[in-house]
Amino acid sequence: AVGKTDIGYLLRQSNLTQIAAIPGVCGSDPDGGEAYDQATNSVYVACLGGGIQQVNIVTHTAGWHAGAVRGAPILVDGELWAAQYGGSTLQQVDPAHGGVLQTIGVGATMPTFTSPSAADGLLLVGTNDGVQAFDGPAGPPPPAPPPPRPTQGYWLAATDGGVFSFGTAGFHGSLGAIRLNAPIVGMAPTPSGRGYWLVGADGGVFAFGDAGFFGSTGAIRLNQPVVGIAPTPTGRGYWLVARDGGVFSFGNARFHGSLGAIRLNAPIVATAPAPSGSGYWLVGSDGGVFTFGTAHFYGSTGNIRLNQPITGMATTPTGGGYWLAARDGGVFSFGNAGFHGSLGGVPLNAPIVAMARPPTGTGYWLIGADGGVFTFGTAAFEGSTGGVALHAPIDGAAAAT
């Protein structure tokens, strides 16, 4: 049987004058919604004078009348139920003969014109104290399965040092409540994924979790502000890179050269370490790529007219390629970095400011200044701050290993 509680159905199929003219029908004013049984062409009408009337809408004949049952009925899974108007009982009626099969107390009085409903294997009825649910012989429906566990994770860092963690990325602290000398401009994860570094525009370095502190340029007068940080594979050192291409090495990060004395066509905006730990890449806002040590050159956009400047870079796990991300979400892939899509033609609420990749290297995330996270390839969406009012814009991101 198919249940339907729609008084409009009765009005559409047969007008009430015709129904009222059928001998034995209780009256022309249904007292609430009716139930419809498609299998038998029966309509079960709640009568104004009391009781439920069965009517065949094809033959226009009246069937049984359950005078003791006063309430708008519902037909679900072949069972006909009605709630007593203004009372406190729920009655099951035999749809074939009109007999009352069972009466159930609901524990509270019900408002006038209450009608039962059904969902997820439960019979539901509203009372003056709330909603009462009943289950059948099979018991209540099983609980919903728990949401799947995150398989990936990432952090977002705001310019005020606020850190937002998602998925498998654990929260290890932030600078959100600390007065900074310079805004945060970059973030990098530790090899274990149990910590991260934040770096300010003055080269101040802040370590969290298992990230060690190996030095900074916070007390040095810089020619240009720092724009990024790149850790060594062991996590026992890092490089800081300035806007003019100056490179500062700390811990076990060896110096392999810089652009500090070279006149650049565009400022440096991002850096990435070579997997070997013996080199690094620098990228300019025009997409020019500069290599040092074991970092190899696979191409650039330095000679291409870009719609928007480059703002982020990510390398493949082997170091055999890299992606560049532009402010408008455009993505450029080089070497063994596969192209998995971009946002170049999509209107954005905020510009793209950072890029990161999952450990597999077969995808990437693009991060907006509002913390919006856009996924491509195997990069999974684990959350964002796109709908959160931030105290300061996002300007860095890192992927958990």
Side-chain angles (χ1 to χ4, degrees), residues 1-14 16 19-20 22 24-57 61-148:
V2 176
K4 182 181 245 183
T5 53
D6 175 14
I7 198 166
Y9 184 88
L10 182 61
L11 297 175
R12 289 192 300 271
Q13 296 297 322
S14 305
L16 290 176
I19 293 292
I22 298 173
V25 170
C26 62
S28 62
D29 187 2
D31 200 19
E34 87 285 353
Y36 169 57
D37 187 347
Q38 189 177 35
T40 63
N41 294 313
S42 293
V43 172
Y44 305 97
V45 185
C47 298
L48 178 63
I52 294 178
Q53 177 72 62
Q54 179 198 36
V55 177
N56 188 297
I57 61 172
T61 57
W64 52 259
H65 177 223
V69 182
R70 189 168 187 268
I74 179 175
L75 184 71
V76 58
D77 293 334
E79 296 182 358
L80 189 65
W81 293 86
Q84 181 186 6
Y85 286 154
S88 59
T89 60
L90 189 64
Q91 292 176 303
Q92 181 186 4
V93 180
D94 184 352
H97 306 290
V100 176
L101 299 178
Q102 60 177 314
T103 300
I104 302 173
V106 299
T109 58
M110 294 174 287
T112 303
F113 301 119
T114 294
S115 178
S117 60
D120 290 335
L122 298 174
L123 188 65
L124 309 169
V125 62
T127 74
N128 290 322
D129 291 336
V131 177
Q132 180 68 51
F134 299 91
D135 62 71

Give the minimum heavy-atom separation between [X] and [Y], together with the two atoms involved.
| X | Y | answer |
| --- | --- | --- |
| Gly71 | Ala82 | O-CB, 3.9 Å |
| Val106 | Val125 | CG1-CG1, 3.9 Å |
| Ala108 | Ser88 | O-CB, 3.3 Å |
| Pro116 | Leu90 | CG-CD1, 3.7 Å |
| Val76 | Ala118 | CG2-CB, 3.9 Å |
| Asn128 | Pro111 | OD1-CG, 3.3 Å |

Test item: Gln91 side-chain N/O and Trp81 main-chain N/O as donor-acceptor pair under 3.5 Å: no
Are the side chains of Val93 and Pro73 in touch, meaning some heavy atoms are under 4.5 Å apart? no
Looking at side-chain heavy atoms only, is the closest gap between Tyr36 and Asn41 below 4.5 Å? yes
How many angstroms lie between [atom1] in [X] and [atom2] in [Y], if you round to the nearest 0.5 Å?
| X | Y | atom1 | atom2 | value |
| --- | --- | --- | --- | --- |
| Cys47 | Gln53 | SG | CD | 5.5 Å |
| Leu80 | Asp37 | CG | CG | 9.0 Å |
| Gln102 | Glu79 | CD | CD | 7.5 Å |

Short side-chain donor-acceptor distance under 3.5 Å, Gln84 and Thr89: yes
Is the Trp64-Tyr44 ring centre distance short of 6.0 angstrom? yes
